[in-house]
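One structure is given below, encoded as structure tokens.
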2 protein chains.
Amino acid sequence: MPMDERKLDVLRAIVEDYVATQEPVGSKALVDRHNLRVSSATVRNDMAVLEEEGYIRQPHTSAGRIPTDKGYRLFVDKLSRIKPLSPAEKRAIQRFLEGSLDLDDVVHRAVRLLAQLTRQVAVVQYPSLTRSTVRHLELISVSTTRLLVVMITDTGRVEQRLCELPGPYDEESVLTLRRLINEKLTGKRLADTPSLVAALVDEVRYDLRPAMTSLSTVLMESLAERNEERLALAGTVNLTRSALDFHGSLMPILEAIEEEVVLLKLIGETGTSGSMVRVLIGDEHEFADLRTTSVISTGYGPGQTAVGGMGVLGPTRMDYPSTMAAVRAVARYVGEILAQNSPH
Amino acid sequence: MPMDERKLDVLRAIVEDYVATQEPVGSKALVDRHNLRVSSATVRNDMAVLEEEGYIRQPHTSAGRIPTDKGYRLFVDKLSRIKPLSPAEKRAIQRFLEGSLDLDDVVHRAVRLLAQLTRQVAVVQYPSLTRSTVRHLELISVSTTRLLVVMITDTGRVEQRLCELPGPYDEESVLTLRRLINEKLTGKRLADTPSLVAALVDEVRYDLRPAMTSLSTVLMESLAERNEERLALAGTVNLTRSALDFHGSLMPILEAIEEEVVLLKLIGETGTSGSMVRVLIGDEHEFADLRTTSVISTGYGPGQTAVGGMGVLGPTRMDYPSTMAAVRAVARYVGEILAQNSPH
DNA sequence: CCTGGCACTCCCACGTCGTGAGTGCCAGTC
DNA sequence: GACTGGCACTCACGACGTGGGAGTGCCAGG
């Protein structure tokens, strides 16, 4: 059945008012603040229906109504347009991100910016290794039996790892190894490298095999273990403003925030969702402890494909249109900066 | 005047009980739980004196006493010995830290461990660049006009930075530059490098001067700007347990925690305080917002000199002996690991 | 110098109660 | 049939009052 037009207006009004005031909203207040052209009694009838359908609920009898998760969902899907940022805001974002020195700096600035714009907890995932490509691999002799392996990706991310060699090798051997590795790996997507690395050992002179074996072990480790993605976080202060929304205890969110795995599942890009902003409301995600938390996230990257995710966590009662706009904008600008720094 | 022995016992008992129970402690409870060999009336007299001298206070009339900052200070300085950890704990610490792969990993593990042991917010400063020495500098051609400068320090910290060259240079020139830079800088303390870097330009063949100028600029920047120290943080969840101690609002601490500058001032090593554990109680530090917060910190490093600081923040009412023990132990083991990884 | 006793203080938990915002329902109107 | 005004009803919430109990200060006696 097509949902009654006015009923939707009422729901929208309830969501907007509740988000703004943080208090259950009653029929009288609604007709006052929004120019619905009907009386409060009519609104009451609509609200009764909305409640029956599960979009709103009363905290207790004779209190106003508040949206349910289902209500927010409808609001986000149908009733709101992502609020475009003002030109001034856009300029501010751009200016703030432009001064960045390196990848670390970009990520840090982005996450702070996001926290500040949304006044929520912000998370930015570092560009994922597996979805980057190898730009260069360098071997640096630290001592005669120790090499530092430095891998640079196209997103500017640099990984380094110490490698213990089975015996001493001279400078020239190291150079040979370096050349070979770069020949085979440069330009390859990291996801594809494990098989390539495995094949390296067979390509090399007999006397260099032990060294290459050690190296490939280290490389494999980098690709596997180090696949633990890194995260940057900001805006935990904002939790204090919303303490009430989390029925008083900040523990669950603080716990989730410290657990990188949880955050990654929440904001990490799952597929190639492109430039879509994803919204998870309340228990739409898998973490029971975060029942009253919503997650707004999106992917970002230098081109069309995402190399990482970013987003914010906040109470289900949050300003979805603005938050979504901010997340989308920051992701977009970060993508642009990454593209500038690594013309492919 | 020499402080009366029993009065000190009473103060100690008050601190210990208050820390344990989180409630003002009365004269009756004191004589019950600790075997002071006197009556509650006597204890009351002592408490009256202690209060007059400013070591304890009553939240309100007819309530028990709680220690003041001055009381905690006396307790820490005179009345408590750092509680040695059990062998089991020591083994656990060692085992936990031993599996570390690289510096990042050591720091992360250390900070988590510290948070877990003390049940407070833990902070670890990455080994400070200025107090490290250069182990190796590597130049990597990313394109013909771009070099990646990678600096490895004796603490295992790796800094990288992109350098835009004024024109194209061939592989051999880069090698020459690399050799020269390493000759001059390897083994030097980073604090001493600025003057050395400045001198580099004059040492080089005429045709390489423009490149060397760019490089030295980048190096100087690394040393200056990048001197912004990095931090790792863990255990914010523990704040929820102590919410009451911060008169309800976690905002000030959360704010401080996000402000790296503040944290650095609090736990960063100021001088060469050696292996001492430093304790700042309440408003002994400079941040008015953290009046109810104490800071336990110490330096750590591969040898005698500290390359960084670590510590915990918690309510003034905390278990000082245990916390100090944990901080000292973790710092010690981290130092050992750093020493292992970089035999000088 | 210590102790038992006693009067005093005052926080806190608990129960009571009035108030007001908000509702559901119903009869009346366009 | 959809909307409106009116009315009785429901409860959360804050104010107020009260009793109990933990803890203190003081004093006189050992």
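Values in this document were obtained by computation on a predicted structure and should not be read as measured data. The sequence lines fix the lettering, A, B, ..., with proteins before strands; numbering per chain opens at 1.
Applying the 6.0 Å contact sphere to CZ of A:Arg291 captures no more than 12 heavy atoms from other residues, nucleotides or ligands. More than 12 heavy atoms of other residues, nucleotides or ligands lie within 6.0 Å of NZ in B:Lys70, so this atom counts as buried by the packing criterion.
Out of C:dT23, D:dT4, C:dC2, the shortest distance to the side chain of A:Met47 is found at C:dT23. With C:dT3, D:dT24, D:dT4 as the candidates, the nucleotide lying closest to the side chain of B:Val38 is C:dT3.
Between B:Glu258 and A:Ala234, the closest heavy-atom pair is OE2-C, 3.4 Å. B:Ile267 and B:Leu313 get closest at one heavy-atom pair: CG2-CD2, 4.3 Å.
If you take CD1 of A:Ile14 and P of C:dT23, they are 9 Å apart, rounded to a whole angstrom. Rounded to whole angstrom, the span from the NZ atom of B:Lys28 across to the C1' atom of D:dT24 amounts to 14 Å. What separates CG of A:Asn45 from C1' of C:dG22 is a distance of 14 Å, to the nearest Å. The CD atom of B:Glu23 sits 12 Å away from the P atom of D:dA22 (whole-angstrom rounding). For A:Tyr18 and C:dG22, the OH to C1' distance is 16 Å, given to the nearest whole Å. The distance between atom CZ of B:Arg33 and atom P of D:dG23, rounded to the nearest whole Å, is 12 Å. Regarding B:Leu36, its CG atom lies at a distance of 12 Å from the P atom of C:dC2, rounded to whole Å. As rounded to whole Å, 13 Å separates atom C1' of D:dA22 from atom CZ of B:Arg65.
Counted by atom type alone, B:Ser297 and B:Arg278 present one or more donor-acceptor pairs between their side chains at under 3.5 Å. Under 3.5 Å, the side chains of A:Arg44 and A:Ser27 contain a donor-acceptor pair of N or O atoms.
In this structure, B:Gln58 does not reach the D:dA22 phosphate: none of its side-chain N or O atoms is under 4.0 Å from OP1 or OP2. Distances shorter than 4.0 Å separate none of the side-chain N or O atoms of A:Ser39 from OP1 or OP2 on D:dC3. OP1 or OP2 of D:dG23 has not a single side-chain nitrogen or oxygen of B:Ser40 nearer than 4.0 Å.
Mapping A:Ala41 and A:Ala29 onto DNA chain C via the closest heavy atom, the residue that lands nearer the 5' end is A:Ala29. Comparing A:Arg37 and B:Gly64, the nucleotide of DNA chain D nearest to each residue sits closer to the 5' end for A:Arg37. If A:Thr42 and B:Pro24 are placed on DNA chain D by their nearest nucleotide, the residue sitting closer to the 5' end is A:Thr42.
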Restricting to nitrogen or oxygen on both sides, can you table the protein-nucleotides 7-11 of chain C pairs closer than 3.5 Å?
unit_1	atom_1	unit_2	atom_2	d
C:dT9	O2	B:Ser62	OG	3.2
C:dC10	OP1	B:Thr61	OG1	3.4

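For A:Arg44 against D:dG6, a side-chain-to-base donor-acceptor contact under 3.5 Å is present.
A cation-pi arrangement is not found for A:Arg12 relative to A:Phe75, the charged atom failing to lie both closer than 6.0 Å to the ring centre and inside a 45° cone about the ring normal.
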